[in-house]
Structures are given as C-alpha cells and as structure tokens.
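Notes to accompany the following structure.
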Amino acid sequence: MKILVIGGSYFYGRVFVMKYAGEHNITVANRGTYSMSQFGVRQITGDRRDEALWKQCVGDYDVIVDFCAYEKGDVQGVLNRMKGRTGQYILISTVDVYRRGTGEMKKEDAPFEKRSFPGDAGKYIQGKVALEEELKEAFARTDVHYTALRPAILYGPYNYAPREALFIRLAVQNRLLPRIADAEGGFQLVYVEDAARAIEKCLLNEKAYGQAYNLCEETIWNYGLFADMLNKAAGEELQEIPLTVSQAQERGFPLPFPVYREETELYSNEKSVRDLGVIYTKPAEGMAKTYAAFEGVYKG
C-alpha cells in the first residue's frame, strides 16, 4: 500500500513509520527535524504550508495519514493539493476535542468542546475541534473517505516529552522515584504501539470510513498507580520521594498528568475494540517495555 505520512518523525508518527515501513511503501513529508531514511522510507522536507513541499509529493497515494494538522485550514489544504490522488485521509486528532466537565465516560458521539481556554493547551484543543469539524465538511463534497483517530495520553519508547521519560530517567540514573501523594486526578493512557496498530487497521478499511475512534486502554490511572508500575518495571525497589502537589510545583517538578479530581476526563474504547479489533497493552506490560527502552538510553 502506498502511504503519505504528513509529520511522522516524532514519537507517534515515528513509531508508526518504524513499525510498518517494511509492509508498506511510505513517503514521509515533514520539516525534517529527524531523519527517517534509516527506516527505508522516502522523506520530503519542508513546511506543509509551502507549495514546494507538495510539488515533491508526486503520484497517487492509497492513504494519507496526517500527524501534524493543528490549525483550521490544514485539512482543507491537504484535500486541495491532493485532490483525486488518494482514497482515504486519516486525521490524528485527540480525546481533548470533547467537552470537559460532563462527568461522563465519553464515546465518539459526545459533544465537542466549544469554549476557549488560555495558553498553548487551549489553542491546541481549539485547533483540533476546528479540524474535526472541517474534516466532515470538506470530505462531504468528495469521494475521498476520512477517518479520525483520537488517542488519549500516549506513552512508550521514543516519547522524550517530560512525562514518563522524566520519571524513568530519575529511576535509572539516581534510583529515585517521586510519588505525588495527594494527587486525586484520574487519566487514561495508550501505549504508542497500540495507537500505531490502530492506524494500520484503518487503512482502506471500509468499516473505518467516516468514523472516529477513541484510542485508550481502559485502566483509570493515577499518580499512585503510575509510581507502582514504574517501581515494578525497574525490577528492584526504588527510593521513593513523597511529594505533595504543592511541593512538586514549588520545586518546578513537572506534573504531566491530571492532579485534581475535577480534571479527570474518561473515555470509552469500546468502538475501537469492536470495529477495529484493537487489543490494548496492559499497564504493567506497557510500562515494562517503556522502562526497558529508556533504560538503555539513560544508562549510557
């Protein structure tokens, strides 16, 4: 299958390309921050808003997978430039598109967030909501099929964002494990290889046409469970540092997951399991694989 990946050199996209480059003919179009040539794919470098990039994307593609659509117009821009040259467009969205604070476990038909929030996070949510709405409107006028994937918090090897990697680095290099004692927030994670597998299951899959899917493992995590899983993955007990949320904030220690109960947002993965056959990696297994991958990096 011939696939055009937009973005795809950092974490989620990188894992997808690494995992499926041997099975598909993949072209990666991105800014070229990280080289992808070692995976046997063609890499086109440039900005998605620059026509020079698209002139290099010659020929037809069975599927386009877009990892880096963030602003209104990004979906329509791809459609305009690739009109008649693809059969399916897969948008990598997020569970953050749903309205917050409803207290319900959100399925794919839950209402979107229409309120504006400050900062980069607010801009990100607003952009993804606009793109999902644009997705339906733009493709309603074409014979190209679309699919939206909405992952929860991604974790796993190659995630160098200050989330699990930060904690693992402390564990590997200093045998320390911060435990946030009074955090009451709950959250859901998805192991990155599971999310990559979900994309592969959507490729030219008629069941996925015009559909959206939440991607998340059903376990409701908290900071306590997160610490337990890291301790287990380390293979030997780490020296725990009990911290309150306030103490962590005072020391400038990142708190990458929800810490307050009112921040908890939960999602159903039933549709992705039923329609796509996605099998989600359990917490202990996923964290063990993640720890092992980063251990080799941080020991060096």
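FYI, side chains are in, hydrogens and waters are out, and symmetry mates aren't considered; it's all heavy atoms of this structure.
Between K289 and E193 there is no salt bridge, since no side-chain nitrogen of the basic residue lies less than 4.0 Å from a carboxylate oxygen of the acidic one. The existence of a salt bridge linking D74 and R49 is confirmed by a sub-4.0 Å separation between a basic side-chain nitrogen and an acidic carboxylate oxygen. A salt bridge does not link K72 with E134: every distance from a Lys NZ or Arg NE/NH1/NH2 to an Asp or Glu carboxylate oxygen is 4.0 Å or more.
The side-chain heavy atoms of L255 and I180, taken from C-beta on, include a pair separated by under 4.5 Å. You'll find the side chain of L189 stays beyond 4.5 Å of the side chain of L154, heavy atoms only. Residues V78 and R48 have side chains in contact (heavy-atom distance under 4.5 Å, counting atoms from C-beta outward).
Looking only at distances, no side-chain donor or acceptor of D194 sits under 3.5 Å from a matching main-chain atom of V278. For the pair D182 (side chain) and V245 (backbone), a donor-acceptor distance under 3.5 Å is present.
Atom CD1 of I199 and atom CG of N205 lie 13.5 Å apart (nearest 0.5 Å). Taking OG1 of T45 as the start and CG of N30 as the end, the distance is 8.0 Å to the nearest 0.5 Å. Rounded to the nearest 0.5 Å, atoms CD1 (I168) and CD (E295) are 9.5 Å apart. The CG atom of L225 sits 7.0 Å away from atom OG1 of T219, with the distance rounded to the nearest 0.5 Å. In this structure, OG in S35 is found 5.5 Å from CD in Q43, a value given to the nearest 0.5 Å.
For an aromatic pair to be called close, the ring centres must be under 6.0 Å apart, and Y158 with F11 fails this. Ring centroids of Y209 and Y146 are separated by 6.0 Å or more, keeping the two rings apart. Residues F167 and F253 bring their aromatic ring centres within 6.0 Å. Ring-centre distance between Y191 and Y155: below the 6.0 Å cut-off.
The aromatic rings of Y12 and F67 sit perpendicular to each other, their planes meeting at more than 60°, with 30° as the lower class boundary. Ring planes of Y223 and F226: perpendicular class, angle over 60° (limits at 30 and 60°).
Remark: K271 is positioned above the aromatic ring of Y213, its terminal NZ or CZ atom under 6.0 angstrom from the ring centre and at most 45 degrees off the axis.
Checked against salt bridge (charged side-chain N to carboxylate O under 4.0 Å, His left out), E113 has the following partners two or more places apart in sequence or in another chain: R99, R115.
Applying the salt bridge (Lys or Arg N to Asp or Glu O under 4.0 Å) test to pairs two or more places apart or on separate chains, those with a residue in residues 26-44 are R31-D47.
Hydrophobic clustering (ILVMFWY, side-chain heavy atoms < 4.5 Å, transitive): L266 and Y280 are in distinct clusters.
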*Before giving the answer on side chain to side chain donor-acceptor pair (under 3.5 Å), spell out for Q239 and N174 the whole-Å C-alpha distance, their side-chain angles and the decisive distance to 0.1 Å.*
CA-CA 9 Å; Q239 180 184 346; N174 303 101; over 6 Å; no
